[in-house]
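Here the structure comes first, spelled out in structure tokens, and everything after it is commentary.
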Amino acid sequence: VHSEFDFFITGANNIPGRGGWEYIFEILFFCVRQLFVISPINTTKNCYMKMSTRIQLFIMMFLQFVVWGAWYGQLSKYLTAIGFNGVQVGVVYSTFSIAMIVSPFVVGMLADRFFSAQKVLGFLNILGAGLLFLLTRTTDYSSFMPLMLVYCLTFAPCIALTSSIALRQMTSPEKEFPLVRVMGTFAWIAVTVAIGKLGWGNKVNIFYFSIVSSLVMGLFSFTLPDTP
């Protein structure tokens, strides 16, 4: 899986005439094909995920990385457009790193002890959509930075939660997880290329796109298999 997918990542741009959308379609074809792959270890009856569960996990991983990729890759352009300087842009980006260190431990303990993981994932994505909306109404650095930190504290655990939910549904994680996780990589590439093609990199639309994706992801999370 990895060697074939690496071809798309490293080799696509070296082929003459290769455009961004062709790149996306080739990766999409690869991911859809992998959806129906049953590896040799899973040929025994009842030793692999149900197809419906696999599709749910594919969609979950795709949506979660669309939420992230829609704004993260283009954020510096947007912040520069609304008047932030280089230091301020760097500080805003650092909020995500801080959240990635702190937040998963706290939310992970809550999910493990008190709530099902898919419910926590749904709640955080819906809450995150509200915080992203507030960010669209904020152009002052002194307000934007702390609000971004709060948002990142709600989003950062979602990456770990999606992996946890996926792994708990698998009987052979070492074989099945890469096929699910690669949808996140595809989603990141697809949404980044789409935002660039639409010319939204320096516009507030990056957040609107993420808001809609986050709401869809939040609602979809409640349909995922129960993961106590």
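As a basis for the values below, the full set of heavy atoms in this structure was taken, side chains included, without hydrogen atoms, waters or symmetry mates. The residues of the chain are indexed from 1 along the displayed sequence.
A donor-acceptor distance shorter than 3.5 angstrom exists from the side chain of Q118 to the backbone of T227, with no hydrogens or angles considered. A donor-acceptor pair is defined here as one N or O able to donate and one able to accept, closer than 3.5 Å; such a pair exists between the side chain of E176 and the backbone of S172. Of the possible polar contacts, one joining the Y93 side chain to the S76 backbone as a donor-acceptor pair under 3.5 Å is found. Side-chain atoms of T138 come within 3.5 Å of backbone atoms of L134 as a donor-acceptor pair (strictly under, hydrogens ignored). Side chain of S103 to main chain of L153: a donor-acceptor pair is present (N/O by atom type, distance under 3.5 Å, no hydrogens or angles). Between the side chain of S210 and the main chain of I206, no donor-acceptor pair closer than 3.5 Å is present.
For M170 against L57, the heavy-atom pair with the smallest separation is CE-CD1, 4.2 Å. Taking each heavy atom of Q64 and F155 in turn, the nearest pair found is NE2-CE1, 3.0 Å. The two residues P178 and P173 come nearest to each other via the heavy atoms CD-O, 3.7 Å. Closest non-hydrogen pair, Q169 versus D226, comes out as NE2-O, 3.6 Å.
In this structure the side chain of V216 never reaches within 4.5 angstrom of the side chain of N125, judged on heavy atoms. K119 has its side chain within reach of S116: a pair of non-hydrogen atoms, C-beta onward, lies under 4.5 Å apart. The shortest distance between side-chain heavy atoms of P157 and L124 falls below 4.5 Å. Using a 4.5 Å heavy-atom cutoff, the side chains of Y151 and L127 are not in contact. I126 has its side chain out of reach of S214: every pair of non-hydrogen atoms, C-beta onward, lies at least 4.5 Å apart. Between M217 and V66, every side-chain heavy-atom pair lies at or beyond the 4.5 Å cut-off. The shortest side-chain heavy-atom distance between F209 and V191 falls under the 4.5 Å cut-off.
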Test side-chain contact (heavy atoms from CB on, under 4.5 Å) applied to F144 and V92, step by step: CA-CA 8 Å; F144 191 98; V92 171; 3.9 Å; yes
Could you go step by step and tell me if Y72 and W188 meet the side-chain contact (heavy atoms from CB on, under 4.5 Å) rule? CA-CA 10 Å; Y72 188 85; W188 180 281; 3.5 Å; yes
Run R181 and F65 through side-chain contact (heavy atoms from CB on, under 4.5 Å) and show every step you take. CA-CA 10 Å; R181 177 58 184 80; F65 277 78; 3.5 Å; yes
Give the intermediate values and the outcome of side-chain contact (heavy atoms from CB on, under 4.5 Å) for residues I211 and T136. CA-CA 10 Å; I211 288 169; T136 67; 4.1 Å; yes
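Taking CG from L131 and CZ from F207, the interatomic distance works out to 11.5 Å, rounded to the nearest 0.5 Å.
Using modelled atom types and a 3.5 Å distance limit, the side chains of Q74 and N202 yield no donor-acceptor pair. Counted by atom type alone, R168 and S164 present zero donor-acceptor pairs between their side chains at under 3.5 Å.
Checking I55, L224, T223, L161 one by one against M60, the side-chain contact (heavy atoms from CB on, under 4.5 Å) holds for a single residue, L224.
Aromatic ring centres of W71 and Y208 lie farther apart than the 6.0 Å criterion allows.
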